[in-house]
Structures are given as structure tokens and as C-alpha cells.
Amino acid sequence: MIWNPSKECMPEEQKRELQGKRLHKVVDYVYHNVLFYRTKMQELGLEPGDIRTIDDIVKLPFTTKQDLRDNYPFGLQAAPQSEIIRIHASTGTTGNPTIVGYTRKDIDIWSECMSRCLTAYGVRRSDIFSVAYGYGLFTGGLGVHYGVENLGATVVPASTGGTQKHAKLLKDLGITGLACTPSYALHLAEVVEKSGIGKDELKLRVGAFGAEPWTESMRQEIESRLGLKGYNIYGLSEIMGPCVSYECECQHGSHINEDHFYPEIIDPQTLRPIPAGEDGELVFTTLTKTGMPVLRYRTRDLCSLLPGDCPCGRTFVRMSSIKGRTDDMLIIRGINVFPSQVESVLLGIPECAPYYRLIVDRVNNLDTLTVQVEARAEYLSRDMDTLSPIAALEKKVAARLRDVLSISSAVQIKMPGSLERFEGKAKIVTDNRKLI
Ligand code: ADP
Ligand code: ZN
């Protein structure tokens with residue numbers, strides 16, 4: 001089922017025409033309402049009249065996270081305060097949070113986009129859907145919440161924390177849908193298992209997971225432990241929040257709500273466009289936002305736009321999964337390392353549990369990478385009486401990591417349950433080099 005086929009399945013030409021019209025409108029709007037954009041455009045000798053079709057987008061200036069910080073808190077807001085009905089902030093994963101104000105129209109569009117996404121996952125009005133993203137300034141909780149209500153399913157605003165209670169509710173209420181970060185889903189699975197609740201006692205069938213990068217192996221792990229089908233949901237507060245893009249039943253990339261958010265992929269160094277299918281930095285322009293529209297916002301997320309049509313019938317372009325962020329890429333001894341690469345290796349080793357940490361340091365001017373990973377309880381109970389299996393496992397993990405990362409790392413196998421669990425976005429990496 002498709003929530004809004006007239007938009008989601010729009011013929012390409014019609015879509016581009018709509019995008020062009022909307023782009024012109026938003027450029028005109030920010031030119032007249034946001035000093036920052038007017039100044040930037042004037043510096044480039046641009047006027048709103050120069051932007052007529054979607055192809056004209058390349059003439060426009062980029063907006064960066066730093067621009068948002070420089071204009072903290074309300075400098076980029078285009079609507080008067082009396083039109084703003086809600087404020088959110090980015091998590092601040094990579095520094096100071098940025099503030100985003102939403103008008104009523106923005107909130108309505110957000111709910112529409114969320115409903116498209118939930119419908120693609122197979123969520124229906126009869127579903128009981130639990131939202132275990134944090135409620136508050138973070139966009140995850142309220143964003144998904146309003147989408148579930150707009151669709152007409154029952155929302156359970158579980159939020160994060162109270163995991164024990166949440167596990168009980170899953171069973172008692174017969175909750176069928178769940179939205180949270182992939183790391184919280186694993187934590188919840190663990191708490192469910194420890195509470196003695198069997199998978200067959202749960203009615204869960206759909207999961208909307210996102211807000212942090214996750215891999216296919218992580219998906220399989222969550223699906224088998226919670227007995228549901230896990231779908232990707234992507235978004236960021238600067239653009240809207242969750243549901244900027246969403247997976248369909250084909251699960252080959254996530255469709256971008258292109259009538260509202262226009263994507264580009266650029267080379268983060270040269271800022272030139274990158275052809276479809278190749279990885280680069282994802283850039284978004286909001287086409288309909290009125291609270292805080294952004295032009296060519298550099299997300300710092302690395303991914304590609306997938307060429308070709310999707311068998312589901314939606315014509316919205318698909319983006320690949322996020323490979324990492326330009327700012328979470330670690331350069332270790334000159335080699336680029338993404339935490340997601342480490343995750344894929346670890347989850348491909350049956351003795352390793354999906355709980356791990358990366359610690360980067362500099363010893364005698366040489367970068368070091370330490371990977372801590374928990375062993376699975378089943379594996380340890382088999383070989384409890386001897387320590388040598390742990391040493392053997394450490395060797396095996398180190399060898400696999402070296403093959404994939406092209407650098408060597410020190411591996412430490414940890415006892416099950418010993419690494420901290422996360423309720424919101426996981427903090428996997430500690431880079432001690434910055435402190436030197
Ligand atoms: P931040 O974490 O940058 O402070 P947000 O809370 O708005 O701000 O989070 C947005 C970021 O979260 C995205 O830019 C992206 O890096 C990450 N993210 C969101 N959804 C996904 C997803 N499905 N897969 C990978 N990364 C995601
Ligand atoms: Zn599709």
C-alpha cells in the first residue's frame with residue numbers, strides 16, 4: 001500500500017517541474033526573510049529570479065552546520081516567532097546542538113511524510129505502535145509520534161528509559177510496531193530475554209530503526225531476536241527529523257520524500273556533484289519548509305543516490321544506507337576507518353555479540369586502535385573452564401579486522417553484558433587523540 005501515490009509515484013518530469021517551482025518559491029522566501037541567505041546570494045550576484053528550474057539549484061550557495069551555529073539560535077528562522085509552534089534541536093552528536101523552529105505547516109508536512117513511511121513498512125490503523133525514540137528536543141520521539149497518529153494507528157509513547165516496563169508493555173498490549181535506534185532495539189531485546197518473555201509471546205512485526213548508522217548484520221540480529229521486520233528510517237533535525245527518507249518493502253535503499261527535500265551528492269573536498277551510484281556527501285534543500293528552510297545543507301552524511309527504478313512503484317529517488325559521517329570517519333595511521341566497517345566485521349563472527357567500542361589513541365606518535373567486543377554468552381558457557389578460547393577469539397577478530405581495515409588493531413574480548421548499553425544514539429567511538 002502507498003500512502004500518497006499522487007506524490008510518491010509522480011512521473012519524473014512532473015516531479016522535476018514541481019521541484020523547480022517549489023525551489024523558486026523557497027529561494028524567494030528566504031531571500032526576503034533571512035539576512036544570511038540574502039547576503040550570500042548577493043555576494044554571488046544572484047536574485048530569486050535566477051532560480052527557475054530545479055537544475056538552477058547548483059547556482060545556490062551551500063549551508064553548513066557552522067552557519068547554523070554562527071546564527072544560533074534563531075538567525076536562520078524565516079517565519080516570524082508568532083508562526084512557530086514548536087522547537088527541536090539536533091542531538092549534538094558532533095558539537096553544539098542547532099535549534100530548529102517549525103510552523104504548523106511544517107508539522108503537517110512532517111506528519112504526512114511519516115505516514116508515507118509507516119505505510120511503506122506495512123503499518124496500518126489496527127496496529128499498536130510503540131515509539132521508543134527519546135521524546136523532547138530530539139526530533140525522533142515527537143516526529144514519529146505525530147506520524148502514527150496521523151495514520152490512525154495507536155501510538156504508545158514509551159520513549160527511552162523504563163526498558164523493563166516497556167518490555168512488559170510489548171507483551172501485555174500486544175504491541176505490533178516499534179520505532180527506536182537500532183542500538184536501543186538490541187538493548188530492549190536483551191531486557192525482553194532476561195525478563196523471561198518468549199519471542200512467541202510478542203506480537204511485534206514491524207520496526208522503524210534509524211537515527212544512527214546500522215548494518216545489514218545488525219538488522220538480521222534485531223529481526224531474529226525481536227521477531228519483526230526491521231526497516232530503515234533516516235532523517236536529521238536541520239531538514240525535518242525522521243522520515244526524510246524511508247525504506248519500502250523492496251528494502252533496496254531508502255526513498256527520499258523528494259517533493260519536500262531535494263537531494264544532491266557532492267564531493268566534500270571539491271564540492272562538485274557526484275554521479276548517481278557513487279558515494280559522496282549528501283546535501284539537502286528543503287522545498288516547502290517555512291519555519292527554518294535551508295538551501296543546500298551539507299549533512300556530512302556519506303552515501304550514494306541509487307540509479308534506476310524501484311519495483312514498488314514509487315518514483316522518489318533512493319539513497320543507499322549511510323556509510324558514515326565525514327566527521328565520524330577516523331583517520332588512523334593515514335587510513336580511513338568507518339565504525340560501520342568494524343561493525344560489519346564483528347557481526348559476521350558468530351562468537352561476537354553486537355556490543356562493541358572503538359578506542360583510538362596515540363602512543364609514541366603512533367595511532368592505535370583498540371576494539372572491545374563482548375563475546376556471546378553461549379560461546380563462553382561452552383568453554384568457561386579455559387581462557388584460551390578468548391585468546392583464540394581475539395586473534396581471529398584481529399585478523400578479520402586487519403583484512404577489512406588494512407590496519408592492525410588490538411582486540412579485547414569482553415564478558416557478556418559488561419559494556420554500557422545506550423538508550424538514544426550509541427556512542428561507540430572514543431578518540432583520545434584529541435586530548436593530546
Ligand atoms: P546530530 O546527531 O547531527 O546532532 P540529529 O539528531 O538531527 O543530529 O541526527 C541526524 C543524524 O543522524 C543524521 O545526519 C545521520 O548522521 C544520523 N542518522 C539518522 N538516521 C540515520 C539512519 N537511518 N542511518 C544512518 N544514520 C542516520
Ligand atoms: Zn521502493
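Numbering of ligands and ligand atoms starts at 1, following listing order.
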- Cationic N near anionic O, under 4.0 Å, Arg16 to Glu258: no

- Work out whether the distance between some heavy atom of Arg300 and some atom of ligand 1 is less than 4.0 Å. no

Q. Is a salt bridge present between Glu216 and Arg219, judged by a nitrogen-to-oxygen distance below 4.0 Å?
A. yes

Ligand 1 atoms nearer than 4.0 angstrom to some heavy atom of Lys65 are 3 (O)

Requested in this report: Please state whether the rings of Tyr231 and Tyr121 are parallel, tilted or perpendicular, taking 30° and 60° as the class boundaries.
Outcome: parallel

### Message
Less than 6.0 angstrom separating the ring centers of Tyr146 and Trp110, yes or no?
### Response
no

- Query: Are any of the side-chain nitrogens in Lys15 or Glu12 under 4.0 Å away from the carboxylate oxygens of its partner?
  - Reply: yes

Contact region, His88 to ligand 1, non-hydrogen atoms below 4.0 Å, reads neither

Are Lys65 and Glu238 within salt-bridge range, i.e. N to O under 4.0 Å?
-> yes

N-O pairing of Arg400 and Glu351 below 4.0 Å: no

For Gly210, the ligand 1 atoms with a heavy-atom partner under 4.0 Å come out as 23 (N)

Ligand 1 to Asn232, heavy atom cutoff 4.0 Å, flagged ligand atoms 22 (C), 23 (N)

So the atoms of ligand 1 within less than 4.0 Å of a heavy atom of Ile233 turn out to be 20 (N), 22 (C), 23 (N)

Can an N, O or S atom be found in Cys312 less than 2.8 Å away from the Zn ion (ligand 2)? yes

Near Lys425 (heavy-atom distance under 4.0 Å), the atoms of ligand 1 are 2 (O), 5 (P), 6 (O), 9 (O), 10 (C), 11 (C), 12 (O)

Min over Asp301, Ile322, Leu302 of heavy-atom distance to atom 15 (C) of ligand 1 lands on Asp301

Notebook entry, point to check: Is Asp127 salt-bridged to Arg205, cutoff N-O under 4.0 Å?
Noted result: yes

For the Zn ion (ligand 2), angle spanned by Cys310 SG and Cys248 SG (nearest 10°) is 110°

Of Gly235, Gly324, Ser237, the residue with the heavy atom nearest atom 10 (C) of ligand 1 is Gly235

Exercise. Looking only at distances, please establish whether an N/O atom of ligand 1 is found under 3.5 Å from an N/O atom of Arg325.
Key: yes

